[in-house]
Chemist: 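For reference, the structure I am asking about is given below.
We count residues from 1, following the sequence as given.
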Amino acid sequence: MAAAAEPGTRTWPGSGSPRLGSPAGSPVLGISGRARPGSGPERTGRAVGPAAPGHSFRKVTLTKPTFCHLCSDFIWGLAGFLCDVCNFMSHEKCLKQVKTPCTSIAPSLVRVPVAHCFGSLGLYKRKFCVVCRKSLEVPAFRCEVCELHVHPDCVAFACSDCRQCHQDGQHDYDTYHHHWREGNLPSGARCEVCRKTCGSSDVLAGVRCEWCGVQAHSVCSTALMPECTFGRLRSMILPPSCVRLLSRNFSKMHCFRIPETMALELGDGDDGLDGSAAPGTGREMLTATESTKQTLKIFDGNDSMRKNQFRLVTVSRLAQNEEVMEAALRAYYINEDPRDFQLQALPPTTLSGNAQALGKAGTMEEEASKSSGPRDSMPETWVIRSLPRSQEILKIYPGWLKVGVAYVSIRVNSQSTARSVVQEVLPLLGQQVEDQERFQLIEVFMSSRQVQRTVLMDEELLLDRLWDIRQTSVRQVSQTRFYVAESRAMAPHVSLFVGGLPPGLSSQDYSNLLHEAMATKAAVVSVSHVYSLQGAVILDVTCFAEAERLYMLARDTAVHGRPLTALVLPDVLHTKLPPDCCPLLVFVNPKSGGLKGRELLCSFRKLLNPHQVFELTNGGPLPGFHLFSQVPCFRVLVCGGDGTVGWVLAALEETRRHLACPEPSVAILPLGTGNDLGRVLRWGAGYSGEDPFSVLVSVDEADAVLMDRWTILLDAHETDSTENNVVDAEPPKIVQMSNYCGIGIDAELSLDFHQAREEEPGKFTSRFHNKGVYVRVGLQKISHSRSLHKEIRLQVEQQEVELPSIEGLIFINIPSWGSGADLWGSDSDSRFEKPRIDDGLLEVVGVTGVVHMGQVQGGLRSGIRIAQGSYFRVTLLKATPVQVDGEPWVQAPGHMIISATAPKVHMLRKAKQKPRKAGTTRDTRVDTLPAPEGNP
């Protein structure tokens with residue numbers, strides 16, 4: 001029969017009979033009586049109900065000022081109420097306004113369970129754990145997709161409430177609600193409703209939508225419309241409803257292309273108390289600081305014992321059994337009646353890993369004796385066990401959309417099967433009786449790191465299933481849901497990007513090569529796209545198991561000595577994109593900018609859809625351009641140095657014919673050392689920690705401009721000399737140029753710097769250090785002379801040009817060189833036109849040596865103007881250093897032909913006016929209005 005159930009309803013017994021079990025001869029903990037006066041903090045009241053969802057508030061006496069989690073004001077003396085489970089602190093006057101649920105019931109309120117992507121451990125100043133609400137004073141974890149911060153010990157208790165960034169065929173929505181995340185707001189954040197301060201750096205307070213950025217008090221957030229419009233960046237965000245990825249068998253780390261090495265510190269188990277009792281942590285050596293206290297190790301079921309992962313609970317030696325039981329349940333955020341559980345003392349053989357002893361410890365059900373007095377010799381290790389139940393109230397959630405209720409509650413007993421539950425629930429959800437065979441019961445385990453779905457057999461007994469779950473872990477029940485859903489055959493489809501293959505092969509050749517290297521199954525694997533120039537293919541896999549096998553195998557496979565790269569790519573449903581949507585494709589080089597790229601990766605994943613953010617060291621630009629190949633209009637943001645920008649522009653030109661938007665505009669976030677192109681386009685001399693949201697607003701408001709791109713043909717040839725009669729010719733090579741091309745001393749300095757960085761890359765993590773190395777290698781070459789004008793020949797527009805006495809020859813396309821120097825100069829000259837980045841002309845300048853270059857960078861001189869044109873032919877008589885856009889090498893004797901054959905590219909130049917402000921910077925993300933009165 002149906003039974004009403006309020007989410008978060010909680011009852012703690014005032015007293016109860018002892019219901020505990022233990023191994024024969026082992027001490028037991030029973031429940032009886034109340035805590036003795038003086039054995040704990042003063043407790044004079046509680047407030048449990050709709051105004052305080054799931055909390056177990058007790059009045060406490062505060063010995064030092066504390067902040068209220070609701071209003072962020074001080075709490076003094078006797079005016080504080082503390083939740084025993086999640087540490088929520090409130091004024092007495094604020095209790096009726098508490099809307100934030102307790103951690104113990106938070107999993108039951110998740111709308112769509114989505115796992116988190118935890119990065120590596122890091123120090124996050126003035127941040128708070130969303131589970132225990134305490135400050136992150138030690139290294140902690142942060143979700144790479146949403147702004148969830150959590151202690152390592154609290155990871156297992158975090159809700160699987162990350163952002164839903166794509167459709168996966170399970171719970172797909174066309175409209176999205178606000179995705180609220182509590183706390184860790186800027187101290188100056190303003191509430192969108194009352195316009196008062198809602199952020200705090202002293203306490204976990206306030207809420208923020210992780211899509212549109214609206215910030216509000218938790219109470220005020222109910223006055224906003226539930227639907228999210230994605231705020232200020234809505235035209236730049238790839239809508240989740242337009243991205244499809246059947247992610248079965250793949251973790252969210254795989255789906256968002258986040259390196260798994262970042263998550264290894266969490267341990268092997270998805271639901272373990274990561275690090276709680278890992279060998280060497282020293283936790284088992286902790287002792288109570290007072291002689292009147294005792295520290296107990298508490299395990300939760302068989303799983304935690306098998307992994308030797310426990311929680312520590314400190315209680316008074318005079319504490320009653322009820323208080324010990326409640327403390328053990330609170331340690332695991334278990335929000336159930338303590339009389340339904342027992343504490344068993346663990347014998348030493350159980351913790352030694354003996355499988356037989358472990359089985360006995362998990363099945364003992366002997367009656368316990370009552371114990372209400374002090375226990376001077378209480379064992380230090382206990383395990384929480386659930387008592388057998390003859391019936392339970394089970395919540396069943398609908399697995400389809402547009403249902404008027406969130407769930408229905410039914411009573412299950414020893415005779416209830418999955419099929420009988422489906423038959424009982426369907427009429428309550430408005431389904432006809434004759435349609436019952438089309439539906440099935442699905443068990444969903446909502447771990448913080450992975451959401452696992454299991455289809456239950458029709459004859460499976462639900463009460464036995466719940467008992468098995470409780471034996472494994474008592475708290476796992478609160479993280480488990482049951483959905484009734486229509487049984488439909490989902491056509492498997494996974495797109496795998498495989499790079500690192502030999503270039504220049506056909507589709508059939510690539511199929512044969514992959515079959516030889518990884519034994520691909522032709523029946524379920526096909527090559528859908530071939531990028532021959534880059535040596536990459538896109539595989540369509542119609543079997544989830546085969547897709548997982550190929551993905552894992554490709555990352556450990558090398559072809560012709562080159563390791564393969566494998567990425568899982570979603571499908572963009574371009575026909576569903578809104579008319580005004582112009583999503584931003586973001587490329588980040590994490591090795592640029594003093595390693596600031598890593599932080600930018602996380603920031604852009606949170607501000608945008610993580611599917612549109614790509615790490616260039618993981619497959620390069622090609623996967624991003626393939627993902628956006630059918631998007632009719634998009635823009636590109638490149639985060640890196642000039643070399644990174646050139647890399648992305650070259651990939652754009654190679655894939656242009658595959659794109660529905662062949663000429664996307666490109667913006668730059670300069671992270672390199674010189675950043676000359678970024679300076680010309682007004683993006684600055686280098687990124688120095690600006691708010692990433694402001695960067696995106698600037699990109700959205702930037703002006704589109706054209707810029708010339710130049711093709712350089714490098715054609716080395718055989719030469720005779722007195723030193724070597726024959727020099728083997730190199731094959732012709734084509735490179736693209738955006739900024740400048742240097743021959744001679746300029747390229748030689750770049751080459752020395754490049755070699756120094758290759759030898760010790762760990763030292764080149766700051767722009768200041770990099771420039772210092774440039775100065776050092778320059779001083780070493782200050783007396784160097786090679787008379788470059790005697791080693792090369794220059795033709796401009798088929799006309800021979802006589803070169804002055806120089807040590808370096810530089811072709812410039814932009815009015816910035818060597819970290820912002822004006823090499824051409826500003827003086828007018830009737831022989832030449834005024835340079836522009838889109839005039840189809842290159843300027844040729846000479847420098848006489850290192851001193852001259854230093855004077856140019858200091859603004860004391862300009863270069864020697866030699867020529868201006870659109871077609872150049874340089875003949876190298878000897879092997880000479882050459883650099884193009886900061887990438888140096890030694891070019892063999894031969895010809896260099898520079899021509900404007902490459903098409904102009906569309907760049908984004910930062911607008912002169914500052915972005916419009918509306919309150920604080922983060923408030924500008926918001927484009928949400930309060931709900932009409934009477935419709936919260």
Chemist: Quick one: do the H529 and D540 side chains pair a donor with an acceptor below 3.5 Å?
Modeler: no
Chemist: Answer yes or no: is there a side-chain heavy-atom contact under 4.5 Å between L496 and I538?
Modeler: no
Chemist: Between S420 and S416, is there a donor-acceptor pair closer than 3.5 Å when you use the side chain of the first and the backbone of the second?
Modeler: no
Chemist: Report yes if some heavy atom in the side chain of L148 is under 4.5 Å from a heavy atom in the side chain of C162; otherwise report no.
Modeler: no
Chemist: Should the pair F157 and Y332 be assigned to parallel (<30°), tilted (30 to 60°) or perpendicular (>60°) ring geometry?
Modeler: perpendicular
Chemist: Given the rule in the side chain to side chain contact (heavy atoms under 4.5 Å, CB included) test, do H55 and C86 qualify, once you have shown the distances and angles that lead to the verdict?
Modeler: CA-CA 8 Å; H55 291 290; C86 69; 3.4 Å; yes
Chemist: Output all residues satisfying side-chain contact (heavy atoms from CB on, under 4.5 Å) with P107, sequence neighbours left out; order by chain, then residue number.
Modeler: C159, M446
Chemist: Who pairs with A418 by side-chain contact (heavy atoms from CB on, under 4.5 Å), at least two apart in sequence or on another chain?
Modeler: L441, L456, L462
Chemist: Considering non-hydrogen atoms only, spot the tightest contact between C582 and C633 and give its length.
Modeler: SG-SG, 3.2 Å
Chemist: Decide whether a cation-pi geometry holds between R257 and F614; the criteria are a distance under 6.0 Å from NZ or CZ to the six-membered ring centre and an angle within 45° of the ring axis.
Modeler: yes
Chemist: Please name the pair of heavy atoms, one in Y483 and one in P398, separated by the smallest distance, quoted to 0.1 Å.
Modeler: CD2-O, 3.7 Å
Chemist: Rounded to the nearest 0.5 Å, how far apart are CE of M552 and CE of M518?
Modeler: 13.0 Å
Chemist: Consider only side-chain N and O atoms of N302 and R385, and report whether a donor and an acceptor are under 3.5 Å apart.
Modeler: yes
Chemist: Indicate, with yes or no, if the rings of F141 and H149 have centres closer together than 6.0 Å.
Modeler: no
Chemist: Do R605 and E144 meet the salt-bridge criterion of a basic N to acidic O distance under 4.0 Å?
Modeler: yes
Chemist: Just wondering, do L246 and P492 contact through their side chains at under 4.5 Å, heavy atoms?
Modeler: no
Chemist: Any side-chain to backbone donor/acceptor pair from D300 onto V474? Under 3.5 Å, distance only.
Modeler: yes
Chemist: If we ignore hydrogens and angles and just use 3.5 Å, is the side chain of T103 paired with the main-chain N or O of V131 as donor and acceptor?
Modeler: yes
Chemist: Quick check: closest heavy atoms across R475 and S478, and the distance to 0.1 Å?
Modeler: O-OG, 2.7 Å
Chemist: Would you compute the distance between atom OG of S487 and atom CD of E437 and round it to the nearest 0.5 angstrom?
Modeler: 9.0 Å
Chemist: So, taking the atom named CG in L608 and the one named CH2 in W211, what distance separates them when rounded to the nearest 0.5 Å?
Modeler: 9.0 Å
Chemist: Any heavy-atom pair between the side chains of D153 and R311 that's under 4.5 Å?
Modeler: yes
Chemist: Say you draw a straight line from CD of Q612 to CG of L607; how long is it, rounded to the nearest 0.5 Å?
Modeler: 10.0 Å
Chemist: How far apart are the closest heavy atoms of L463 and S390, and which atoms are they?
Modeler: CD2-O, 3.5 Å
Chemist: Please name the pair of heavy atoms, one in V243 and one in C165, separated by the smallest distance, quoted to 0.1 Å.
Modeler: CB-O, 4.1 Å
Chemist: Below 30° counts as parallel, above 60° as perpendicular, anything between as tilted: where do the rings of F250 and H254 land?
Modeler: perpendicular
Chemist: Does the plane of the ring in Y397 sit parallel, tilted or perpendicular to the ring in Y407? Use 30° and 60° as the thresholds.
Modeler: tilted
Chemist: Apply side chain to side chain contact (heavy atoms under 4.5 Å, CB included) to the pair S409 and K395, showing each step before the final yes or no.
Modeler: CA-CA 4 Å; S409 298; K395 296 178 181 178; 3.8 Å; yes
Chemist: Given the side-chain rings of H626 and F497, with only the six-membered ring counted for Trp, is the space between their centroids under 6.0 Å?
Modeler: no
Chemist: In terms of relative ring orientation, are F634 and F625 parallel, tilted or perpendicular, with 30° and 60° separating the classes?
Modeler: tilted
Chemist: Treating S160 as the side-chain partner and P113 as the backbone partner, does any N or O pair qualify as donor plus acceptor under 3.5 Å?
Modeler: no
Chemist: List for me each residue that meets side-chain contact (heavy atoms from CB on, under 4.5 Å) alongside L577, sequence neighbours excluded, and say none if there are none.
Modeler: L238, P239, C242, H574, C581, V631, P632
Chemist: Excluding sequence neighbours, so at least two apart, what forms side-chain contact (heavy atoms from CB on, under 4.5 Å) with E546?
Modeler: K521, V524, V525, V541, C543, R549, L550
Chemist: If you define the side chain from C-beta out and look only at heavy atoms, does anything of L659 sit under 4.5 Å from F628?
Modeler: no
Chemist: What do the steps show when you test R244 against K576 for side chain to side chain contact (heavy atoms under 4.5 Å, CB included), and what is the final call?
Modeler: CA-CA 11 Å; R244 181 179 59 200; K576 297 179 63 175; over 6 Å; no
Chemist: To the closest 0.5 Å, what do you measure between CG (L329) and CD1 (I384)?
Modeler: 5.0 Å
Chemist: If you measure from NE2 on H658 to CD on Q630, what distance do you get to the nearest 0.5 Å?
Modeler: 11.0 Å
Chemist: Of all residues at least two apart in sequence or in a different chain, which pass the salt bridge (charged side-chain N to carboxylate O under 4.0 Å, His left out) check with R163?
Modeler: none
Chemist: Between Y333 and I105, does a side chain to side chain contact (heavy atoms under 4.5 Å, CB included) hold up when you go through it step by step?
Modeler: CA-CA 8 Å; Y333 300 93; I105 70 161; over 6 Å; no
Chemist: Does any non-hydrogen side-chain atom of S221 lie less than 4.5 Å from one of H178?
Modeler: no
Chemist: Under a plain distance cut-off of 3.5 Å, with no hydrogens placed, do S235 and D580 share a side-chain donor-acceptor pair?
Modeler: no
Chemist: Below 4.5 Å, heavy atoms only, C-beta onward: do I469 and E443 meet side chain to side chain?
Modeler: yes
Chemist: What pair of heavy atoms forms the shortest contact from Q164 to P240, and how long is it?
Modeler: O-CB, 3.5 Å
Chemist: Tell me, yes or no, whether the heavy-atom count around R419 atom CZ, taken from other residues, nucleotides or ligands under 6.0 Å, exceeds 12.
Modeler: yes
Chemist: For K252, which of V114, V451, I258 qualifies under side chain to side chain contact (heavy atoms under 4.5 Å, CB included)?
Modeler: V114
Chemist: Pick out which of R111, H179, H116 makes a side-chain hydrogen bond (donor to acceptor under 3.5 Å, both in side chains) with D161.
Modeler: H116
Chemist: According to salt bridge (charged side-chain N to carboxylate O under 4.0 Å, His left out), who are the partners of E392, at least two apart in sequence or on a separate chain?
Modeler: R389, R470
Chemist: Using side-chain heavy atoms (C-beta onward) and a distance below 4.5 Å, is F341 in contact with I334?
Modeler: yes
Chemist: Using only heavy-atom distances, determine whether the side chains of Q508 and N512 contain a donor-acceptor pair under 3.5 Å.
Modeler: yes
